[in-house]
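To keep things clear, I will list the structure first and then write my remarks on it.
We name chains A, B, ... by the order of the sequence lines, and we start the count at 1 in each one.
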Amino acid sequence: MSIKIEDIVRGRLPLFNVLIAIVLIAIVTGLINPKFWEPGNWQALLTWYLGLSVLAMGESMVLISGGIDLSVGSLASFSSMLLAIAVDRLGWSLQLSIIFVITVAVFIGLFHGAFVSIFSPPLPQIMPAFIITLADNIFFGGLATALTLGWPIPLYKYPDLMLIATPWMLASILLIVALVSIYVQRYSIIGRYIYAVGGNIEVSRLSGVPINRVRLFVYSYSAMCASIAGIIFTALMMTGYPGVGRGQELYAIASNAIGGVSLAGGEGNAVGAAVGAFLITLIRNALVLSGVSPYWYDPVTGVILGVAVAVDLYRRSRGAR
Amino acid sequence: MRGIAKTTLIAIIIAVVVIAVAGGYAAYWFYSQQARPSKLVFVVIGKSVHPYWSVVEAGVKKAGQELGVDAIFWVPQKEDVQAQLSTMDSYIAQKVAGIAIAPSDPSAATPYINKALQQGIPVITIDTDAPQSNRLAYLGTGNYKAGWLAGLAAWQLAKEKGYIKPGATIKIAMLTGSLTAMNSLERMAGFKDAIMNCSQKDPDIKGNIKIVWLGPYNDQEDPTQALNLALSAIQANPDLTIAFGVYAYDGPAWAKALQQAGIPPGKVVLVEFDVTSDNVPPLQQGYALVTVGQRQYFMGYYGVKLLYNMTKYGVDKALKNFVPGYPNNKIFDTGIDLVGMSHKEFTAPTGEKVTILSLSEYKQLAQELGIDPSLLGLS
């Protein structure tokens, strides 16, 4: 696809509005506080960005397939506690613990996919997806707290864990998750099935797309990304906290909405989700750097999200005409 | 295939529900049996099995020993309003001599508290108040005072580092988990008022200083958000003078952010809250200079003593002797300890004498009181 100037002017290029917003916010913040451009701040941005973007890219799979996953924030906290327990209480090696945590998350995701598959033909798939992932959001959030009765598990004794939190390691994790997500969505057969299921489930059923297998895949992928985010959070804090990542599922979904992933399914990709997550992270960082009173963070974030999504919807409704 | 899966699923759901109900009932029966005391006693009801409450328990036991009475400490496995209240009810039925409760749900506990009082059993609240009930007194951490003392310590430490000079500018950032919870608001208000007071009353400064307040940054009780906010705040203000972590994990989050930003330990005056296993390492690394230790031990210790005095000398007399400002005030502040790496005593510009205990003194104090230091992260 070649990019025409007309497309840019009319805002037909996906993500263009978001990129403009990012550049504008960066320029304005840089003018208010030149420290914005210092490498230290970009390192802080990267740290902050990482968890959310990994969650958002996982979530993009589910959203494209026409479902929703509300459990990712709590799954991240649960994974954080599980990792801390495996390393500290059970004395497992770090590698084994990480594999264990990711495996557990994948099974939880498979369960979500199976639940949606069992109930979906009579019901529209968004309903069981909403219910089971909301239930698990509550369940795993509670379980993460109940495991240690709310106490954190400090992991200072395990310096290996710190390696995960180095900027290079974080950047590589981000890159790997992004490349895998993009590969799956763009170049693999399952990716085409995901778009087909999200685009028009009846047509996919008639043309023999393995709908249930697609669901098993997308929910377990999303859960896997959530557990990776949980592991990253744990490494950043060097402590297993039951509260990490809680509530981030809504920001992960918002990142997707901003990045052009259709909440109705069938449209968008992981790159959009990652760019959307960057906008959200940037807003938070910019508000701190520009000295806005923290009492206004949520209202300002809400307005910017609203405008970004409205512009995107407007663009799309015009494009459809 | 689909039919089988559905039947199986329904069967599993039914089985899970049955097991949960039966198991829950069995566990409840077991615990309520266990809780039944053998003779007349004072009862302290905590919130959950938790190192924090084990410290309260040590205070309860100590008071019971000293008074030669049976002082029972009871907690549910985890926070459980129903278990707490039915246990309290069974103690009321047994006509115990007095009850101290930390209600998980104050409004749900109110009728039970009033019922006990109607039957002549004195009831006080500890740790968490039930202000709508007729409880005779409340023993807990005065969060405003705790924040105030933290502010005095921060002023003193910043002054010792030479940051506080006439005409200077100091930047103070607060990081908290909530902008609405009372304990957070009171801690921050106390901290801020203390520093503002010091800036006026300090004879070397007399108000001739510019104080820039950053935040309060709200991490919504998510420690990674706390770290990210702290990192950004430090990036925006590398000349930060004082940092205050309002909730337990906020101090460690500041410490991590300072470390990651390459700021040497001790350059920023970092004040933490609570003494737990994750608050102590930042002190030892030198990033945190002081932390605020709550005295939940005394909630148990004084709770039992107060109840005992009520039965011995009458409610009014016991309260008059114990709670300052009674009968207008029924709240007793159990107070806090400031804890740092080394012992320090100073007189704040507000005229108060403030002591910072060293970690080893604090550990010794805990041991003398019969508290296992590992509960406080001091091993």
**OP:** Could you give me the CA-CA distance, side-chain angles and deciding distance for A:Met237 and B:Leu227, then say whether side chain to side chain contact (heavy atoms under 4.5 Å, CB included) is met?
**Re:** CA-CA 8 Å; A:Met237 304 300 297; B:Leu227 171 66; 3.6 Å; yes
Subject >> Stepwise side chain to side chain contact (heavy atoms under 4.5 Å, CB included) check, A:Trp48 with B:Leu231 >> reply: CA-CA 9 Å; A:Trp48 201 335; B:Leu231 271 174; over 6 Å; no
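Here the CD1 atom belonging to A:Ile232 is positioned 10.5 Å from the OG1 atom belonging to B:Thr224, to the nearest 0.5 angstrom. The CD atom of B:Gln225 sits 4.5 Å away from the CD atom of A:Gln248 when rounded to the nearest 0.5 Å. Distance CG/B:Asn237 to CG/A:Leu289: 8.0 Å, rounded to 0.5 Å. How far CD of B:Glu221 is from OH of A:Tyr241: 12.5 Å, rounded to the nearest 0.5 Å. Between atom OG of residue A:Ser293 and atom CH2 of residue B:Trp213 there is a gap of 14.0 Å, rounded to the nearest 0.5 Å. Interatomic distance, OH of A:Tyr297 versus CG of B:Asn218, reported as 10.0 Å (0.5 Å rounding).
Only the side chain of B:Pro281 comes within less than 4.5 Å of a heavy atom in chain A; its backbone stays farther off. Both the backbone and the side chain of B:Leu229 come within contact range of chain A, each with at least one heavy atom under 4.5 Å from a heavy atom of that chain. Residue contact with chain B, scored on non-hydrogen atoms closer than 4.5 Å, involves the backbone and the side chain of A:Asn41 alike. Only the side chain of A:Phe119 comes within less than 4.5 Å of a heavy atom in chain B; its backbone stays farther off. Using a 4.5 Å cut-off between heavy atoms, B:Gln259 makes no contact with chain A at all. Contact of B:Ala233 with chain A is made through backbone and side chain together, with heavy-atom distances under 4.5 Å.
Shortest non-hydrogen contact noted between A:Ala44 and B:Gln235 is CB-CG, 4.1 Å. The two residues B:Pro216 and A:Pro294 come nearest to each other via the heavy atoms O-CB, 3.1 Å.
If you tally non-hydrogen atom pairs under 4.5 Å between each of A:Thr47, A:Thr234, A:Thr239, A:Leu45 and chain B, the highest count goes to A:Thr47. For the set B:Gly177, B:Ala226, B:Ala236, B:Pro252, the count of heavy-atom pairs under 4.5 angstrom toward chain A peaks at B:Ala236. Chain A forms more heavy-atom pairs under 4.5 Å with one residue of B:Gly215, B:Ala255, B:Ser277, B:Ser232 than with any other, namely B:Ser232. Highest contact tally toward chain B, considering only A:Asn285, A:Val244, A:Leu155, is held by A:Val244 [criterion: heavy-atom pairs under 4.5 Å].
Counting only N and O atoms by type, the side chains of A:Tyr156 and B:Asp278 include no donor and acceptor under 3.5 Å apart.
You'll find the side chain of B:Gln220 stays beyond 4.5 Å of the side chain of A:Arg246, heavy atoms only.
By the 6.0 Å contact criterion, CZ on A:Arg213 is open, its count of non-hydrogen atoms from other residues, nucleotides or ligands being 12 or less. Residue A:Tyr295 places its OH atom among more than 12 non-hydrogen atoms of other residues, nucleotides or ligands, all under 6.0 Å distant.
Between the side chain of B:Asp222 and the backbone N or O of A:Gly245, at least one donor-acceptor pair lies under 3.5 Å.
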Just distance, no hydrogens or angles: give the donor-acceptor pairs under 3.5 Å from side chains in residues 163-170 of chain A, sequence neighbours left out.
unit_1	atom_1	unit_2	atom_2	d
A:Thr166	OG1	A:Leu163	O	2.7

